[in-house]
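Every number for a ligand or one of its atoms is a count from 1 in the order of the listing. This is a predicted model, so every value here is computed, not measured. Both backbone and side-chain heavy atoms feed into the values below; hydrogens, waters and symmetry mates do not.
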Amino acid sequence: MKIAIIGTGNIGGTLAKRFADNDHSVFLGVRNINDFKGVELLSYSKNITAHLITEAVSKAEVIVIAVPAQFANEAAKSLGDVSGKIIIDTMNGVFMRPQGFNNTSDAILANCNSTDVVKCFNTTGFENIANPKYNNQGIDMFTAGSSKRGLEIATQLAKEIGFENVYHFGGNDKFSLLEQMALCWINLAIMQKQGRDIAFKIIRR
Ligand SMILES: NC(=O)c1ccc[n+]([C@@H]2O[C@H](COP(=O)([O-])OP(=O)(O)OC[C@H]3O[C@@H](n4cnc5c(N)ncnc54)[C@H](OP(=O)(O)O)[C@@H]3O)[C@@H](O)[C@H]2O)c1
């Protein structure tokens with residue numbers, strides 16, 4: 001798959017490595033090609049290259065957005081033409097919201113010309129994306145969004161990198177709920193001091 005990643009820090013950089021490990025072509029979309037967080041990703045894999053944002057987007061079928069939530073409007077506007085492309089939103093507007101919106105996925109939908117926006121990879125820390133295995137068992141990932149194509153791609157990517165099951169929260173009306181799930185993880189890991197090596201998994205009888 002050809003995947004552009006906008007925002008190349010903790011979460012974007014970790015996803016870049018994991019996708020490159022699975023032989024996807026990863027185009028980092030950056031504002032300054034000579035100075036961006038995650039420049040060391042270029043020496044990690046031949047599958048990772050850096051480009052200005054619109055160039056990375058034009059080369060890709062799937063676009064991952066991983067910038068601080070308050071910049072979601074700006075990042076979505078900077079993509080250029082994304083008609084027919086799938087956008088995976090990893091962001092959480094739980095502390096700083098994008099101006100005018102309750103969650104980052106709604107901000108993306110309003111500021112670009114793709115309707116295939118899904119939220120995924122937002123409910124856990126980047127360390128769990130780097131390694132989703134606990135005692136040899138994969139932890140779970142969660143999605144929300146009304147785009148069937150988007151959900152299929154997000155589910156495939158999450159499973160490829162080691163998440164065991166991918167549970168769907170529902171359509172676009174569940175974007176905010178999925179951000180609240182991320183806030184639950186943040187609350188336990190950071191505020192309640194359980195540490196970042198904790199993860200959610202659904203168990204059944
Ligand atoms: N950290 C986690 O464990 C985690 C987990 C789940 C979800 N998330 C979500 O992921 C998002 C990113 O978090 P992070 O911890 O990865 O942040 P981070 O390490 O601070 O990286 C932020 C990245 O965003 C880029 N950026 C900032 N404003 C931009 C803009 N207007 N246009 C394009 N790129 C822009 C920065 O670019 P430069 O390189 O140019 O500085 C940098 O590469 C947040 O919304 C957060 O809620 C984070």
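- In terms of N/O distances under 3.5 Å, ligand 1 is approached by Glu74.
- Between the side chains of Ser83 and Asp81, a donor-acceptor pair is found at a separation under 3.5 Å.
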Open item on the list: Checking Thr104 against Lys119 for the side chain to side chain contact (heavy atoms under 4.5 Å, CB included) test, could you report, in this order, the C-alpha distance in whole Å, the side-chain angles of both residues, the deciding distance, and whether it holds?
Closed with: CA-CA 9 Å; Thr104 56; Lys119 192 178 281 292; 2.8 Å; yes

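- Protein heavy atom at the shortest distance from atom 43 (O) of ligand 1 is Thr8 N, 2.9 Å.
- By the 30° and 60° cut-offs, the orientation of the rings of Phe142 relative to Phe169 is perpendicular.
- Within the 4.5 Å cutoff, the side chain of Leu157 has heavy atoms near those of the Phe121 side chain.
- Counting the atoms of ligand 1 from 1 in the order shown, those under 4.0 Å from a heavy atom of Gly125 are 3 (O).
- The protein heavy-atom contact nearest to atom 44 (C) of ligand 1 is Val67 O, 3.4 Å.
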TODO: List the steps and the verdict of side chain to side chain contact (heavy atoms under 4.5 Å, CB included) for Leu15 and Val26.
DONE: CA-CA 9 Å; Leu15 284 169; Val26 176; over 6 Å; no

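- Between Met91 and ligand 1, not a single N/O pair is under 3.5 Å apart.
- Between Ile129 and Thr124, the closest side-chain pair of non-hydrogen atoms falls below 4.5 Å.
- Not a single heavy atom of Val94 sits less than 4.0 Å from an atom of ligand 1.
- The N/O atoms of Glu127, backbone and side chain alike, include none that comes under 3.5 Å of an N/O atom in ligand 1.
- The closest side-chain donor-acceptor pair between Glu152 and Gln156, if any, does not fall under 3.5 angstrom.
- Among the atoms of Pro68, none of the N or O lies under 3.5 angstrom from an N or O of ligand 1.
- Of the listed options Ala130, Ala75, Ala72, Gly7, Gly7 places a heavy atom closest to atom 23 (C) of ligand 1.
- At a 4.0 Å cut-off, at least one heavy atom of Ala69 sits close enough to ligand 1 to count as contact.
- A distance of 14.0 Å separates CZ of Arg196 from NZ of Lys193, quoted to the nearest 0.5 Å.
- With ligand atoms numbered from 1 in the order given, ligand 1 contributes 39 (O) to contacts under 4.0 Å with heavy atoms of Phe36.
- Atom 12 (C) of ligand 1 has as its closest protein heavy atom Ala66 O, 3.3 Å.
- Nearest heavy-atom pair across Cys120 and Thr143 is SG-CG2, 3.7 Å.
- Ligand 1 is never approached by Val30 to a heavy-atom distance shorter than 4.0 Å.
- Looking only at protein heavy atoms, the nearest one to atom 21 (O) of ligand 1 is Gly9 CA, 3.4 Å.
- Results of the side chain to side chain donor-acceptor pair (under 3.5 Å) test with Asn172 over Ser105, Ser146, Ser147 single out Ser146 as the only residue that passes.
- Here the heavy atom of the protein found nearest to atom 46 (C) of ligand 1 is Asn92 N, 4.3 Å.
- Pairs passing the side-chain hydrogen bond (donor to acceptor under 3.5 Å, both in side chains) check and including a residue from residues 4-21, sequence neighbours excluded, read Asp21-Tyr44.
- At a 3.5 angstrom cut-off on N or O pairs, Arg31 counts as close to ligand 1.
- Close N/O approach between Phe126 and ligand 1 is found [any backbone or side-chain N/O within under 3.5 Å].
- Atoms of ligand 1 lying under 4.0 Å from any heavy atom of Thr124, numbered from 1 in the order shown and given with element: 5 (C), 6 (C).
- With hydrogens left out, the protein atom closest to atom 13 (O) of ligand 1 is Ile11 CG2, 4.2 Å, a heavy atom.
- Protein heavy atom closest to atom 7 (C) of ligand 1, with residue, atom name and distance, is Thr90 O, 3.2 Å.
- Checked against a 3.5 angstrom limit, the closest N/O atoms of Asn10 and ligand 1 fall inside it.
- Residue contact annotation: Gly38 has no non-hydrogen atom under 4.0 Å from ligand 1.
- Phe71 shares a hydrophobic cluster with Ile6, Ile53, Val57, Ile63, Ile65, Val67, Leu79, Val82, Ile87, Met91, Ile108, Leu109, Val117, Phe175; the chain of contacts runs through ILVMFWY side chains whose heavy atoms sit under 4.5 Å apart.
- When non-hydrogen atoms are compared, ligand 1 lies under 4.0 Å from the side chain of Arg196 (C-beta onward) but not from its backbone.
- A distance-only check finds a donor-acceptor pair linking the side chain of Glu179 to the backbone of Gly93 [under 3.5 Å].
- Checked against Asn122 for a side chain to side chain donor-acceptor pair (under 3.5 Å), the options Asn103, Thr90, Asn92 give a single hit: Asn92.
- When only interatomic distances are considered, the shortest N/O to N/O separation between Lys37 and ligand 1 falls below 3.5 Å.
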